[in-house]
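Right, one structure below, let's go through it.
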2 protein chains.
Amino acid sequence: MLTNKTKAQTKAGKTYQLILDAAAKLFSKQGYHGTSLKEIASNVGMQAGSLYYHFESKEVLMQEVLDKSIQLIYSTVQSEVAKLDKQAGFAELLTAAIHGHLIAILSYSDYTLASIRNYGQIPAAVHKASQFARDDYEQFWRGFIQQAERTGAIREGVDGHLLRLSVFGAMNWASVWFDSKENNAADVEKIAKFQANIFLNGCLPEGEKYGI
Amino acid sequence: MLTNKTKAQTKAGKTYQLILDAAAKLFSKQGYHGTSLKEIASNVGMQAGSLYYHFESKEVLMQEVLDKSIQLIYSTVQSEVAKLDKQAGFAELLTAAIHGHLIAILSYSDYTLASIRNYGQIPAAVHKASQFARDDYEQFWRGFIQQAERTGAIREGVDGHLLRLSVFGAMNWASVWFDSKENNAADVEKIAKFQANIFLNGCLPEGEKYGI
DNA sequence: GTTAGAATCTAATACACTTTAGAAAAATAA
DNA sequence: TTATTTTTCTAAAGTGTATTAGATTCTAAC
């Protein structure tokens, strides 16, 4: 053929995305095992069997959803961090990373919720496909926190490992209680600033310290 | 009959608990829809059909697991808080509550993981059974945080609502990465102290503040 | 308008699931 | 021991599942 369309322009390419979106939405709400191919197909106006023209199995479909989830998060975080000055310090970096992560998981919540909710209750083989991307993203956080530990941007005695896990927890949990119908982008920024503020400064009144 | 045994002593009572434990373990690992009654029954040496002598349906079985999960968490937190002096301040209270919550979700992780992982992907009717207990527990946290806001134990401008949700996120997320085979009770206490420390004091070096 | 290829549907296979009813076995009481 | 109750099993019903193969329809190039 003479016309040379990119994947996103072909009919199959568009259908592929529609299916992926529907799958992410349903996986996030009902879990992997609680969602049937018939239901996914129905959401895009197809019959269950027709999905197999686009995906080779339900497991692969889930793999794609998980993979896209990580890609969305990491790229959003990177674009937020890229806005910073070159000489931005740890506090600015942490704030930007939290903001990016929250934008991703609260705006593309179908994908990220599918990832968060189903992680741990899907076959191990399904995980592997997105493991590299997940490691990459984790390494990014490890990296700038470790540097903060070395340069003294973090208080002596604060375990960087536990800090990262706690920040992740606070952020990811937001995808459970945040209601994207009631809230908007401004609210996301408010949450991001709050969490960065708390993890940097704590919640005690200025000048007060407890137990250190 | 003359003998008047308590429920836990009867054969049925013991079997009931065994089934509940097996169900919690499997629900936590594979999710509600990913776990079959056959699998649960097999874990206690029974046939799937026999479960119906003890439970009227799979949904009710899940309800019991969710209910026990909340009971375990709340009672553990209460017993930790009860150890405090009467005039204990907000910082002590928060630390004790975090410790109790973490003990519960990391020690009885089958039940609590089943609750956390399946929340949001099970039929609404299943939720309702444990909603009251959940509300009670949430009210406990709301209560002492609101009081801290009123008395100035929390810095001006810190939203108590977001603080509670962030603390919950950091704690509950621990159930995802914490490995009870590798770690022990001492590690749980370490995590609790770390999280209380971070939420109270932040991670910046002493004397430093950012953005306030 | 014809034709090749892309996209979807239909219908069936094979299997797993929850739940039920009644038989069987085990435990307890008389 | 015998009778009764409690507990478990067996077998089946009915429904839903992922997946496949082949027929069918739609799309786009010529």
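Just the heavy atoms: all of them, side chains too, but no hydrogens, waters or symmetry mates, feed the values below. All chains are named by letter (A, B, ...) in the order of the sequence lines, taking the proteins before the strands, and each is independently numbered beginning at 1.
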Would you please name every residue forming a ring pair (Phe, Tyr, Trp, His ring centres under 6.0 Å) with B:Tyr210, sequence neighbours left out? none
Applying side chain to side chain donor-acceptor pair (under 3.5 Å), name anything that partners B:Lys83, two or more places apart in sequence or on another chain. B:Glu80
Could you state the CD-C1' distance from A:Glu59 to D:dT19, rounded to the nearest angstrom? 13 Å
From CG of B:Leu51 over to C1' of D:dC9, roughly how many Å is that when rounded to an integer? 12 Å
Which residues satisfy the side chain to side chain contact (heavy atoms under 4.5 Å, CB included) test with A:Lys68, sequence neighbours excluded? A:Gln17, A:Leu20, A:Asp21, A:Leu72, A:Tyr111
Specify the separation, in whole Å, of atom NZ of B:Lys58 and atom P of C:dC17. 9 Å
Contacting residues from residues 31-46 of chain A, given that a heavy atom lies under 4.0 angstrom of DNA chain C: A:Gly45, A:Met46
Once you round it to whole Å, what is the distance between P of D:dT24 and OH of A:Tyr53? 19 Å
So, for A:Arg134 and A:Ser115, which heavy atoms are closest and what is the spacing to 0.1 Å? NH1-OG, 4.1 Å
Can you sort out the partners of A:Tyr137 under side chain to side chain donor-acceptor pair (under 3.5 Å), two or more places apart, ordered by chain and number? A:His101, A:Trp141
Less than 3.5 Å apart, which donor and acceptor atoms pair up between the side chains of residues 90-99 of chain A and the rest of the protein, not counting sequence neighbours?
unit_1	atom_1	unit_2	atom_2	d
A:Glu92	OE1	A:Gly89	N	3.0
A:Thr95	OG1	A:Ala91	O	2.7

Pairing donors with acceptors under 3.5 angstrom, does anything connect the side chains of B:Asp135 and B:Gln139? no
Can you sort out the partners of A:Glu39 under side chain to side chain donor-acceptor pair (under 3.5 Å), two or more places apart, ordered by chain and number? A:Gln30
Considering only side-chain heavy atoms of B:His54, which listed nucleotide, D:dA18, D:dT8, C:dT19, is closest? D:dT8
Please give, in whole Å, the distance from C:dC17 P to B:Leu61 CG? 15 Å
May I ask you to list the residues of residues 20-29 of chain B, by number, that have any heavy atom positioned under 4.0 Å from an atom of DNA chain C? none
Restricting both atoms to N or O, compile the protein contacts to nucleotides 20-25 of chain C shorter than 3.5 Å, with distance only.
none

Mind checking what makes ring pair (Phe, Tyr, Trp, His ring centres under 6.0 Å) contact with A:Phe194, not counting sequence neighbours? none
For residues 175-192 of chain A, which residue pairs qualify under side chain to side chain donor-acceptor pair (under 3.5 Å), counting only residues two or more places apart or in two chains? A:Glu189-A:Lys193
Checking B:His127 now: which residues fulfil ring pair (Phe, Tyr, Trp, His ring centres under 6.0 Å) with it, not counting sequence neighbours? B:Tyr119
Can you check the A:Tyr16 OH to C:dA7 P distance for me, whole Å? 14 Å
